[in-house]
Amino acid sequence: MSRILEHIGNRVLMGIFQAFYAAGYFWEILVETGRFIRRRQFGYGYRVLLMQILFTGVEALGVIAIISLALGVVIIVQGSSILPQFGQGKLVYAILITIITRELGPILTAFIIIARSGTAIATELGNAIVSHEIEAYVSFGINPIAYLIVPRFLGVTISLVLLNLYFNLFGLLGSFLVTQFIYPLQMQEYLFNLLNTLKTQDVLSSLVKSISFGVIISTTATYYGFKVERSTTEIPQVAIKAVGRSFIFCILADAVITLVYYV
Amino acid sequence: MFEEEKSITLKDVSLFGGNTKILDSISVTFPLHQCTVVMGFSGSGRSSLLKVAAGILVPDEGVVHVQGKPLSKMSEKELLTFRSRSGFAFQDAALWSNLTVYQNLLLPLQFHRRKTPIEQLDQKIRRILSEFDFQDDPQFRPAQLSAGERKLVSLLRALVLEPSILFLDEPTSFLDNVTVERILRALKTLKQEGKTLIIATHSPELTSQLADRLVVLKGGRIIEQGLFKEVVRSKNPEVIEVISEVLSEAAVYDTDILELLQDSSNTE
Amino acid sequence: MKFKIRFASQIVGIFVIVGVLFLATVLVLMGINQRWFAKNYYFKSRFFSANGLSVGMPITFKGFTIGKITKLSLTPENAVEVDFYIQDTFYPKVYENSVLQLQSNPLGLGGGLVFHQGKKPTEPLPENSYIPSLDTLEGKSLVMEKLVEIPKTEDAVTRLLGEIDPILENLNKVLVSVHTLLGTVTTSLEGRGSSPLAGTLRQSEKITEQIALTTKSLNQSIDQLMANATGITTDLADITHNLKEGTEVLRDPTGLVQKLLDPKGSLATFFDDNNRLFDQIEGILKQVHANLAELQQFTSFLNTTQPRVLGALEEGRQAIRKGQDVLEGLRNNPFLRGGIAPKQPIPTTQQGYRMEEVSP
C-alpha cells in the first residue's frame, strides 16, 4: 500500500517537476525570441528562420490550397442548394466563415503542420543531440535555444499564421471561383455578403488561434526533440510523442480560445 | 599544487546518467599552458570529464573553476569569452550535419567575429583547410565525408577560432598515419605556442610526445593524476593496469612508454 | 543547389507578402464595408421599457439601417435611457422634431426601432441631443402637433389581410348593383312598371347606359374579384337565373306586343304616324336586344370565370396556410437563436392620449 502511495507521489512530483521544466523551457524560448527580434543576430539564425518558413510554410502551401479549396467548394455548393429551402440562403456566408475562418482554417493548418514539421523538428533535434551537434553549439557558446529553437519557433508560428491566411484565401475566394463552373453566383453579391458577415472578432480569433497553435507546435516539437538523451531509438518515440501532444494541446487551445471569444 | 588562477580545476565533480554515476566526485586540475592527457578504458568517463571541464556538460555535483572563477557563476559575457578562447574537438566529430564543411567552419567565426568582414573569414577558412591538406570539396556535407575526414574537420573547427585552451576527445582515432602525423605536428606547434591542451586519447604517440601531465580514470573516478613521468612510474597496480591495457589497445606501441613502464616495474 | 534553396529568400518573401497583403486587403474592405472609419453621430432617447430593445439593435428609416443602439440604461426615474448613433451618411436626415418608434407586428417578425423624420426640413440636430421616442410625452405631443408624421405600419401579411377587405366590399357593391339593375330590367320588361311605354323605353335607354357603366366597372374590378369569397357563387347563380327570366320575357313577341298595345288600346295610332313610332321602337328594341346579348355574354363570362375565381381564392387560402406553416417553421427554427422575442403591443397614440387623459 505504502509503495503504491509512494509511486503515486513520485509520479505527481515528476509531473509537477516536468510542468515547471516545460514552463521554464517555454520562458527561455520567449526571452530568446525577444532578443532575436530586438537585436540583429548574426546571419545564421535568420538563415534557419528563412529555411524553416520555406519548409513549413511554402512547402505545405499545396496541401493547404487543395484542402481549403475543396472544403470551400463543398460548403458553397451544399449551402447554396440546401439553405435557400429554409429561406436561410444567407447562412452560407456565416457557415463559410465559421468553418473556414474560425474553426477549420487554424486547426487544419495546425494538423498539417504537426504532421509535416512537428515530426521533422523533433527528429532533427533528436538526431542533433545523439550526434552531439547540440554540444558542439554549446562548445562555441552558441545558445541552442537562440539559434536552433527560436528560428523554428518563429518560423513555425509565422508559417502557420500565413498558411491560415492562405487557407482563407483559397477557401473563401478560390472556392468561389471554382464554384462558378458548377453553381454560378454573383461575384459582387458574394464578396459583399462575405465581408459583411466577417467580423473583426472572427479575424482576430483566427489569428490568435493560428499564433497559439504555432507556439504550441513549435514548443512541443522542440521540447520533445530535446528530450532525446543518447540513443537513436529514442528519436521515433519522441517524434510520436511530439505529434500526439501537439494534437491534444492544439485541440484544447482551440476549445479554450473559442470559449473565450464566443461565450 | 597549481594556482587556481592558472588552471582549470574540478572540485568534487559528479555526473549522473540516469542512475549510474558517470563521474564520481572527481577533483582534478588542468594547468594552463600545459598538455594534460586523460587516460582510461572506454567508458571510464573520459569524454564526460572533458565536456564538464569545457563547460559543455553541467555537473550534477561539484564545481568547475576556470582560472579561479566557477563556471556556474560566470556572467554570460564571461562565459562567451571563455567559449571563444576554447575549442572542443568531439570524439564523433559532431559536425553540424545540415551545414557544409565550409559552413561548419564559418559558423563559429561568424558568431564570434561579427565585425570581421566575410572576405577575411573566408581567407582564414581556406588557409586552415590547405594547412591540414583537406582534400575534399568544402561544399560537401559531413555525411559525404569519410569518418577520418570528419574528425579532421571537427579538429579544424575547434582550431578555427585560434583558442588558447583546446579540448581534444580522441583526436587521432580513425585517421590515417599521414594525417595523424600532420595533427601531431600541429599540436606540437600549439604546445610550443603555450596553448593549453587537454586530450583524451589512448594513442601512445600523442601521449608520449605531448603529455606534460597524465590523468588516469577508471570507472568514473580518478585513480592517479600528476606529472607524466611520475604517473607512469606509479606503483599503484590499478594505474599500471590501465596504462598498459589502454596502450595495448592501441595498434601502435610506443617504445618510450613501454620503456618507462618497464622502468617503473624495475624500480619496484 | 536546388532552385528552392537558392531562391529561398525570394520565395519566402513572396509567400509572406502575398499573405500579409491578403490580410490587409480583407481588413480594409471589412473596414469600408462595416464603416470602421466613418464618423457616427451619437444621440439619446428615452423609452418606457427596455423590452424589445437591445444593444446593437438597428435603427431604420424607410427600411434603411441608419444607426444602432449602443447602450441601454435605467435612470433613477425608472425610464430607459437609450444611447444610439446615426451614421454620417444619414446624419443630415436628423431634422428637428424627429422621433423614434419601437414597432412590432402581430406575427413577431420584422418590426424594430424606426426613425421618423421631422416634417420640416432643418439643419441636422447637434450631436448628443435628445430625440424623443413615441413612449414619451414629448414624442406624442410632436405627433399631435403634426410636426412629425407616423405612417401606418405595415408588414406583408397585414397588408394582405387589409387588401382583401376592400375587394370583398367592392365585389358586394358590384353584385348589389347588378342585382338591382336586373330587377329593374325584369320589372319593366314584364310591364309591371307604373310608367307608360315611352317612359319604359326611356328607362330602357337609361338601363342600357347603366348596363354599359356597370359592365365597365365590372370589367375594372374583375381583377380584384379574383381574390374573393365563396358566397359570390350563390349570388351569381341568382343573377343568372334572373337574367334568364328577363331574357325569356323579352323574347316572347306576343306578350310584348300585347303589353305594348294594351295601355293605349289603339292600333290605328301605330299606323298613322308613318311607321315612325314603330321604327323608333324597333330601333330601341334592337338596341336593348344588343345590350342584353352583351349582358348575356358577360354573364356567361362570369359563369366561366367563376371556377377561376374559386381557384384563385383556393390558391390564396393555400398560400396563407403555407405562410402560416413557414411562420411556424421560422418560430421553431433552430437557426433563429432564442426564437422571436415576444413583442410588446404598442398602444396607438390616440389610445395613449385617451389613457393619459383618464389617468390623472
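Within every chain, numbering begins at 1; the chains are lettered A, B, ... in the order of the sequence lines, protein sequences first and strands thereafter.
- When the candidates B/A158, B/A54, B/S97 are compared by the number of heavy-atom contacts under 4.5 Å with chain A, B/S97 comes out ahead.
- Within the structure, the side chain to side chain donor-acceptor pair (under 3.5 Å) test picks out the following pairs touching residues 106-129 of chain A (sequence neighbours left out): A/T56-A/S117, A/E124-A/R152.
- Between B/E76 and A/R35, at least one side-chain N (NZ, or NE/NH1/NH2) sits under 4.0 Å from a carboxylate O, which counts as a salt bridge.
- Distance check: B/Q110 CD to A/I142 CD1 gives 9.5 Å after rounding to the nearest 0.5 Å.
- Side-chain contact between B/K51 and A/H132: present, with at least one pair of heavy atoms (C-beta onward) separated by less than 4.5 Å.
- Shown here is A/K241, whose NZ atom has no more than 12 heavy atoms of other residues, nucleotides or ligands within 6.0 Å.
- Proximity of A/F140 to B/L107: side-chain heavy atoms (C-beta onward) are nowhere separated by under 4.5 Å.
- Of the atoms belonging to B/I56, heavy atoms from both backbone and side chain fall under 4.5 Å from chain A.
- Among the residues in residues 82-95 of chain B, those with a non-hydrogen atom closer than 4.5 angstrom to a non-hydrogen atom of chain A are B/R83, B/S86, B/F88, B/F90, B/D92, B/A94, B/L95.
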Show which side-chain atoms of residues 7-24 of chain A pair as donor or acceptor with protein atoms under 3.5 Å away, not counting sequence neighbours.
from: A/Q18; atom 1: OE1; to: A/K227; atom 2: NZ; distance (Å): 3.4

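- One distance of note links OG of A/S139 with CG of B/L57; it measures 11.0 Å at 0.5 Å rounding.
- Here the CE-CG distance, from A/M51 to B/N98, works out to 10.5 Å after rounding to the nearest 0.5 Å.
- Evaluation of the side chain to side chain donor-acceptor pair (under 3.5 Å) rule for B/E162 yields B/K124 as partners, not counting sequence neighbours.
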